[in-house]
Every structure is written in structure tokens, then in C-alpha cells.
Amino acid sequence: MTEPVKTNTLVSIVWSILSKWSSKLIGMVSTIVLARLLTPADFGIIAMATIVVALLESMTQAGLNIYILRYKEHDERVFNAAWTVGIIQAFFVAIPLVIAAPWIAQFYSQPVLTEVIYCLALVRIIQGLNNFGVFVAQKQLNFKVDFVLTLWTRLIYLAATIGFAWYLQSFWALVFGQLVSAFAGCLLSYYLHPYRPKLTLYNWRDMLKYSKSTVPLSLGRYINNQADVAVVGRVASAEFLGLYHIAVNLAGLFTKELLMPVIRGLIPNLSVLRDTPNFKDVLITTFAAAVYVFLPVGVGLSLVAEDFVPVVLGEQWLAAIPMLAWFSLYAMVGGMLMFFSEQFLVMMEKEALSNGLMWLRNAILLSTIGITLVYYEPATLPKALFISVMLVLPIILVSISRALELSLVTLLLSWWPALIAVTVMALAIWQLPAFSLPHFALLLIKVAVGAGSYVACLILLYIIRGKPSHSLEGALLGKVMARFR
């Protein structure tokens, strides 16, 4: 009898969620506090610098964490080489940044960007020296190391950034906070894991071959995530860019970023399960789970934006409300596309298809940005981006189902309970009476009504359908009951 494949999916996902969401929760606290100490223009200046750093990152991103997950053996020579390539990548980012800093400052008409970019180049070098043992632990399905490292690094960033902001009352607080947390994170990575990397270029040809397929994907992901911000930074003021940047980041925090830890927990386990007979059923259930989570969060955030912004950011950020409402929907659909068409396809060794789909999305995205900014105001861009991503959604789904040999009908039928439940949720929030209450109280009421109606509708539909064991609800209930037994 064949020995069952051993995975640790639930524990991996739990640790990954704790890691990512502890980071995002601390980041949210930092944003809430800094939004009251700094101005939208301060955030806009940092956004301009971050755009350039992210561009160079995407042009040199080798995706070595996925590479070692796909590598079947536990070979320290490969880990050492991956660490070495990571350092080289850091310098490939930092050196052009330093050279181009004055030109970038002139391009955005912000002379202070020169010094800011110098500091961010140093941050990248420090991060490149981090212990690769964190990724080795993930390969071994141990995400606790990543959680502890992420938690302490973000706590240090929170304390440093708020302290500098209170003292300096300037965007420099965001820069110095990154420097302090990068240095602390590097030291902690060596303290938390016993692995000690060595400089080597063993197996570099295979890594280079792999990176040739991942760099276009990384560059495409940058365009998909940053192209609109980069253009807005050129055509609008630093204050508007700050509003835009915060709105898109908050929307991503509750949609795309919500699922990233789940992906990080799933990928190592799915890479083990990919040769098992029921792998297609696992994929369909996994995709359904993403829809069940993305839909209520994205739609819900859009519906409560008018209360969420004044509560979380303060009165000086009210202009971000309509942008957040549309960005929530855009990030919701974009997050599902990312989930379906990026790392899963790379894991399945279908990098060419993943790249093609990414660049198709980018072609539609860039066309949308160009048409919108020529004929309309920059403030209408979030709505236009949502329309564009809805146009590409059917194409992605058809391509994914064919590539993974999944039934498109079966895939879509697994989503209908979530679609009905989120519709009921939206109607429940819309039908609430106009209470004369503070924004904080209204936000709590809307969240409670929305979450309660969504979960109640899912349970009711599950019962009406005869409690099917093959459904996502049945699978989750089975897991819970097995745990209790």
C-alpha cells in the first residue's frame, strides 16, 4: 500500500496568516497614528520613491523562495546559492537607485527624493543579507520562524516610525522607520534560525533558467500593481497621490493581502499533493475558498467606506472615500485573479501561461489608464480600473480551467452560494435606517449586520442543499469534527 502523502496544510496556513496579519495589523495601527501626525503630501512623497524601488525589484526578482519549494531535495548548496543570488539582486536594485536618484527627483519635481532614495537603497541591501533559513523553514512546513521574525520586525518598525513622526513631524519618519526595522530584521533572522548561509553560485545555471520565466512575471506584477500609482504621481499633486496611495493600500490590505498568507501556507502543501489522484478536487475547493473570503470582504469594505475612512484615518482623508469604495471592488477581483493565475501556475510549471495572462491583464490595464486620464479626471481612475479587471476575469477563468484540466462549470458552480450570500449581505446593509450616530458606531453596526447576514445565508443555503459533503462548507465541517474527535 502506498504511504499517504504527509502535509501540514492547516498549521502552515495558520502560522502564515498569523505572520501576515500581525504585520498588517501593526501596519494598520501605524497608518492610523501616522495619518494624524503626517499629511497626505508626506505619504505622497514616500509613494513616489517606493514606485521606483518596486520597479527595480520587479526587474531583478528571481523568485527563489518558490524555486527551493519546487526543488525536491534538501540541498544546502542550493540554499547557499539562493542566498548569494539574493545578495546580488539587492545590489542590482541599490546601485541603479543611487545613480538615478537625482533624475528621479527631477522627474517628480521633488528635490528631497534624492536623499530618500539613497536611504531606501541602503534598506534594500540590508534586506538582501537576511538569513535564507527563513525560507528553508517554510520548505520544511515550519512557518513559526517567519511569524516571529515578521512580528518583531513590524513592532520595531511601528515603534521607530511613530517615535520619529512625533519628533520630526515629517515624511522622514517613514524612511528612518524602514532603516531601523530592516537592520533589526536582518539580525533577528540569524538569531531565530540556525542555518548559516555561505557564498556560492552552485547550480546557478538552473536558477538563471528559472528566473528567466519569473522576472517577466514579476515585472508584469509590478505594472499591474503600480502602473496607475506611477502615472498619478506624475500628473497629480503629492497630496492627491498620498490620498490615492493610502486608498489603494487599504483596499489591498483587506483583499489581496488577506489571501497572501493563505497562498504562502498552501503552496508548499499543494506542491506535495500535486501528484495525488484527487488534486483537481483540492484545487476547485481551494479556489472556492478564495471566493468565499474575497467577496464579502471586498464588497463589505466598499459599502462601509464612508464610515471607515473618518474612523481609521481622520477627517483630513475624507477625499479618499470614493476611491476606497471602488478600489475595494477592484482589489477584490484583482486578488482572485492573482490567486488563480500566478503562483499556482508557477508551481504547476506553467510559467509561460502565467506570464501571458499577466501581460494580457497589463495591456488592458494600461489602455484603461491612458483612456481615463486623457478624457477624465484622475479621481475617476479607481472606477475605470474595476471595469477593466471585470473584462479580463472571464478570459483568465477559461485559460486556467483549460491549463489545469478543470471543469469550468464545476468551478463556477462551487461559487454560487457565496454570490447569493454576498448579495443578501449588500441588501441588508443598504436597508439599514439612517441612524444619527458617530461614524465609529455606524461602522460597527454595518460590519455586524454584513458579517451576520453573510454567514447566516451560507448556513441556510448549506442546509437547503442537503448538507453536501463535497461542498466547501462540508469539507470545513468535516475538518472541524475530525479535530474534535
Side-chain angles (χ1 to χ4, degrees), residues 19-54 56-57 90 93-94 97-98 101 104-105 108 110 112-131 134 146-192 226 229 233 238-239 241-250 252-253 257 260 312-314 316-317:
S19 174
K20 194 70 174 181
W21 269 86
S22 63
S23 172
K24 293 303 175 181
L25 180 61
I26 294 169
M28 181 184 292
V29 173
S30 175
T31 299
I32 292 172
V33 176
L34 292 173
R36 287 160 170 79
L37 295 174
L38 304 177
T39 66
D42 290 324
F43 284 91
I45 290 174
I46 299 302
M48 292 174 184
T50 305
I51 289 168
V52 182
V53 176
L56 288 171
E57 283 275 7
V93 173
L97 276 176
V98 172
I104 296 168
Y108 283 112
Q110 295 286 348
V112 74
L113 275 179
T114 302
E115 290 75 18
V116 171
I117 291 173
Y118 289 161
C119 292
L120 294 183
L122 179 58
V123 167
R124 186 62 191 87
I125 291 176
I126 296 172
Q127 291 173 338
L129 296 171
N130 281 3
N131 187 3
V134 177
D146 181 66
F147 165 70
V148 176
L149 176 62
T150 301
L151 177 64
W152 280 105
T153 303
R154 294 301 292 174
L155 284 173
I156 292 169
Y157 172 79
L158 174 66
T161 306
I162 292 178
F164 283 124
W166 177 79
Y167 180 73
L168 298 174
Q169 299 287 306
S170 164
F171 60 83
W172 282 109
L174 300 169
V175 179
F176 295 154
Q178 290 189 52
L179 278 168
V180 172
S181 65
F183 184 73
C186 185
L187 294 179
L188 281 169
S189 68
Y190 287 91
Y191 174 77
L192 293 171
Q226 298 287 339
V229 180
E239 180 178 359
L241 178 60
L243 292 166
Y244 190 96
H245 184 66
I246 288 295
V248 73
N249 280 342
L250 280 176
L253 172 65
E257 297 293 343
M260 281 306 295
V312 173
L313 300 178
Q316 65 174 328
W317 295 87

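The shortest non-hydrogen separation linking A94 to A121 is CB-O, 3.6 Å. Closest approach of A182 to I126, counting heavy atoms only: O-CG2, 3.3 Å. When every heavy atom of G177 is checked against every heavy atom of A160, the shortest pair comes out as CA-CB, 4.2 Å. Here the closest non-hydrogen pair linking A90 and I125 is CB-CA, 4.1 Å. The two atoms that bring S181 and I156 nearest to each other are CA-CG2, 4.3 Å, heavy atoms only. Residues G44 and L241 share a closest heavy-atom pair of O-CD2, 3.4 Å.
Between the S189 side chain and the N131 main chain, a donor and an acceptor come within less than 3.5 Å of each other. Under the 3.5 Å distance criterion, the side-chain polar atoms of T161 are left unmatched by any main-chain donor or acceptor of L158. Using modelled atom types, no side-chain atom of T150 and backbone atom of F147 make a donor-acceptor pair closer than 3.5 Å.
Between Y108 and I45, every side-chain heavy-atom pair lies at or beyond the 4.5 Å cut-off. Proximity of Y118 to L97: side-chain heavy atoms (C-beta onward) are nowhere separated by under 4.5 Å. Side-chain contact check for L149 versus T153: some heavy-atom pair is nearer than 4.5 Å. Counting only heavy atoms from C-beta outward, the side chains of W152 and V148 approach each other to under 4.5 Å. Residues V98 and I117 have side chains not in contact (no heavy-atom distance under 4.5 Å, counting atoms from C-beta outward).
Note that the OG1 atom of T50 and the CZ atom of F43 stand 11.5 Å from one another [nearest 0.5 Å]. Going from atom CG of L155 over to atom CG of L151 covers 4.5 Å, rounded to the nearest 0.5 Å. Note that CD of Q178 is 12.0 Å distant from CZ of R124, once rounded to the nearest 0.5 Å. Atom CG of L243 and atom CH2 of W317 lie 5.5 Å apart (nearest 0.5 Å).
Among F183, F171, F164, Y167, the one residue that satisfies the ring pair (Phe, Tyr, Trp, His ring centres under 6.0 Å) test with F176 is F164.
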**Prompt:** What's the verdict on side-chain contact (heavy atoms from CB on, under 4.5 Å) for V116 and L174, showing C-alpha distance, side-chain angles and the deciding distance?
**Reply:** CA-CA 10 Å; V116 171; L174 300 169; over 6 Å; no
**Prompt:** Can N130 and V134 be said to form a side-chain contact (heavy atoms from CB on, under 4.5 Å), step by step?
**Reply:** CA-CA 9 Å; N130 281 3; V134 177; over 6 Å; no
**Message:** For a side-chain contact (heavy atoms from CB on, under 4.5 Å) check, start with the C-alpha distance between M48 and L113, then their side-chain angles and the critical distance, and finish with the verdict.
**Reply:** CA-CA 8 Å; M48 292 174 184; L113 275 179; 4.0 Å; yes
